[in-house]
Number of protein chains: 2
Amino acid sequence: MLQEAHASPTFSPLYRQIKSLILQGLESGEWRPGESIPSETELASRFGVSQGTVRKAIDEMAAENLLVRRQGKGTYVASHNDDDPRLMFRFLRLVSEGGKLEASQSVPLECWRAKAGQEAARTLGIKLGAPITIIRRLLKFSAKPVVIEEIYLPGETFAGLTLEVLQEYQGSFYGLIESRFGVRMIRAEERLRAVAADRGSATLLGVAAGSPLLSVERVSFTYGDKPVEWRRGLYSTADHYYLNELF
Amino acid sequence: MLQEAHASPTFSPLYRQIKSLILQGLESGEWRPGESIPSETELASRFGVSQGTVRKAIDEMAAENLLVRRQGKGTYVASHNDDDPRLMFRFLRLVSEGGKLEASQSVPLECWRAKAGQEAARTLGIKLGAPITIIRRLLKFSAKPVVIEEIYLPGETFAGLTLEVLQEYQGSFYGLIESRFGVRMIRAEERLRAVAADRGSATLLGVAAGSPLLSVERVSFTYGDKPVEWRRGLYSTADHYYLNELF
DNA sequence: GAGTGGTCTAGACCACTCC
DNA sequence: GAGTGGTCTAGACCACTCA
């Protein structure tokens, strides 16, 4: 079953093999977001390795935000539907000028089907003309509109997504995607530029047309580095800023 | 010397105590950037703990980019004067539209002394009116100006810094700071906004006045979370973008 | 008190680098 | 071949959670 540690020319340490076995369990849905995975000793005996080896595998996955360890309780599959708002809005980097944490509110505006254009097809890795779902929404902080964004999703996977569903759901967008469609976002890339506000966006955000806005383009990935979301947001950075930590 | 693992109410595991001992060695200059620290076995016997405990301490420090492990050779103090450009320009997130790696070139414009104003004093944690050094410089990619920035440094520490020194130095700015003044940047926070180009910046960047620019404000920290640099950059994002990975 | 993750140890062996 | 970091094991004990 398991590769001998040093037998192969494409050498991969045992704990990485264990890691990818656990990953398989996550991908296949054997352990769902929010649930606990088996204990370290249980996994060790199941895979026929020592507890320390399982531990190292889990350590890495916890560092990648795939798993969450809770001492005395167990190890859990990370979820966007968590009590902790830092996990819930993991990907939102926008902070108010004062620095205090503000509750953000999502206001879905539209949701419709379309066919993938050149760019959407390329970034989402689907065929040109394949069905996609597009969402337009507004993000408000303290009742003030701060972000307007469009979200592009591969249509096959998200067939049941409607404006009503979006309006009803309490919690983060990724929480919805996860619990309703079983798709877990685990990683994203953002490309930031400064752009001038077009008329429509300016009106929605309550700024003058042509005023500078922060353009944030995001591609999100699920297991296996598969892209499953492409979005473009325009951020009004008068009273808020995009915070990034560098290490 | 070392705290018994479980004796104190302010419990701190052994490997964290080892970690802070190694950190002391870095802060005090016992081991300098680019040099190797003693081997794990050596440190283990010196601190009277097992190799595994030292290993865990070093693991964390390597994850924080304070140390670099090199199998078969040893563990080295991370440096901004490294062959690897990913370490050299660790904090620069700007990428050209094509995505290909471009050589960036720094063009120092001015360097003068001043007294800290309200904002500089607060962010750098120094007294109002304390001496500071200000640098203005241009960053070029493929000979095109893309970034104009001003850098504020607490003056005491960087007394010998002049325009000539900046012009002569080959390598990254943090490399210079590190080798010439012994100050290691280990962490930074960036605040991003979209702003309109003022006349002067527009001219230098070769864009129209009023066109949108990405404002990047950075505070850099050295050991002990002490702020030692405040800079504000204006990025022209016509042919480049700011790339950020989210996990 | 049973079960979980968290820490620490001691020892064996492998992979890599350099002489 | 000597020395370094990298992997793996087995076992002990601690801290935390929950019933």
Side-chain angles (χ1 to χ4, degrees), chain A residues 1-22 31 34-78 83-84, chain B residues 1-22 31 34-78 83-84:
Chain A
M1 175 84 113
L2 288 177
Q3 180 189 110
E4 283 281 319
H6 313 290
S8 161
T10 60
F11 165 70
S12 164
L14 245 190
Y15 74 88
R16 285 212 186 270
Q17 302 176 48
I18 302 301
K19 189 177 162 184
S20 84
L21 285 174
I22 299 175
W31 308 302
E35 293 178 5
S36 70
I37 68 171
S39 73
E40 296 179 353
T41 49
E42 155 87 37
L43 288 172
S45 76
R46 181 186 303 190
F47 295 140
V49 300
S50 81
Q51 193 205 341
T53 301
V54 170
R55 192 166 180 75
K56 180 144 189 177
I58 292 180
D59 275 346
E60 282 202 0
M61 298 178 74
E64 293 166 17
N65 292 315
L66 294 173
L67 298 175
V68 178
R69 322 188 79 128
R70 289 184 191 134
Q71 179 167 158
K73 301 183 70 172
T75 302
Y76 294 76
V77 182
D83 292 334
D84 192 341
Chain B
M1 175 80 115
L2 288 178
Q3 179 190 108
E4 282 281 318
H6 313 291
S8 161
T10 60
F11 164 71
S12 165
L14 244 190
Y15 74 87
R16 284 211 188 269
Q17 301 176 47
I18 302 301
K19 190 178 163 185
S20 83
L21 285 173
I22 299 175
W31 308 304
E35 292 178 6
S36 70
I37 68 172
S39 74
E40 297 180 353
T41 48
E42 155 87 36
L43 289 172
S45 75
R46 180 187 304 190
F47 295 140
V49 299
S50 83
Q51 193 205 344
T53 301
V54 170
R55 191 166 181 75
K56 181 144 188 177
I58 292 180
D59 275 345
E60 282 202 1
M61 298 179 74
E64 294 166 15
N65 292 313
L66 294 172
L67 298 175
V68 179
R69 294 174 166 290
R70 288 186 190 132
Q71 179 167 161
K73 302 182 73 173
T75 302
Y76 293 77
V77 182
D83 292 334
D84 191 341

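Only a predicted model underlies this, so the values are computations on that prediction, with no experimental measurement involved. Letters A, B, ... are given to chains in the order of the sequence lines, protein chains preceding strands, and every chain is numbered from 1.
- Taking atom CG on L67(A) and atom P on dT4(C), their separation rounds to 16 Å, with Å as the unit.
- Nearest to the side chain of L14(B), among dG6(C), dC8(C), dG5(D), sits dC8(C).
- The side chain of T53(B) places an N or O atom within less than 4.0 Å of a non-bridging phosphate oxygen (OP1 or OP2) of dT9(C).
- Per the geometry, CG belonging to D59(A) stands 12 Å off C1' belonging to dT7(C), to the nearest Å.
- Checking the phosphate oxygens (OP1, OP2) of dC16(C), no side-chain nitrogen or oxygen of K73(B) falls inside 4.0 Å.
- Listed nucleotides: dT7(D), dC8(C), dA10(D). Nearest to the side chain of Y15(B): dC8(C).
- When the side-chain nitrogen and oxygen atoms of T41(A) are compared with OP1 and OP2 of dG3(C), none of them lie within a distance under 4.0 Å.
- Side-chain contact between V68(A) and V77(A) is absent, with no heavy atoms from C-beta onward closer than 4.5 Å.
- In this structure, Q71(B) atom CD and dC13(C) atom C1' are separated by 13 Å, rounded to whole Å.
- The distance between atom CD of Q51(B) and atom C1' of dT9(D), rounded to the nearest whole Å, is 14 Å.
- Here the P atom of nucleotide dG5(C) and the CE atom of M61(A) are 14 Å apart, to the nearest Å.
- The backbone N or O of S12(B) sits less than 3.5 Å from a side-chain atom of Q17(B), completing a donor-acceptor pair.
- Here R70(B) does not reach the OP1 or OP2 of dG5(D): none of its side-chain N or O atoms lies under 4.0 Å away.
- At whole-Å resolution of the value, NZ in K19(A) and P in dC8(D) are 13 Å apart.
- Regarding contacts with the backbone of dG5(D), a side-chain N or O of T75(B) is found under 4.0 angstrom from either OP1 or OP2.
- Separating the CZ atom of R16(A) from the P atom of dC8(D) is a distance of 10 Å, rounded to the nearest angstrom.
- Using a 4.0 Å heavy-atom distance criterion, E40(A) is classed as a sugar-phosphate-only contact.
- Relative to the six-membered ring of Y76(A), R69(A) misses at least one condition, a distance below 6.0 Å or an angle of at most 45° to the axis.
- Contact check for S36(A) versus K73(A): no side-chain heavy atoms found under the 4.5 Å cut-off.
- The residues E60(B) and K56(B) are annotated as not salt-bridged, no charged nitrogen and carboxylate oxygen being separated by less than 4.0 angstrom.
- Between the CG atom of L43(B) and the C1' atom of dT9(C) there is a distance of 17 Å, rounded to whole Å.
- Residue S39(A) places at least one side-chain N or O under 4.0 Å from the OP1 or OP2 atom of dT4(C).
- OP1 and OP2 of dG5(C) both lie 4.0 Å or more from every side-chain N or O belonging to R55(A).
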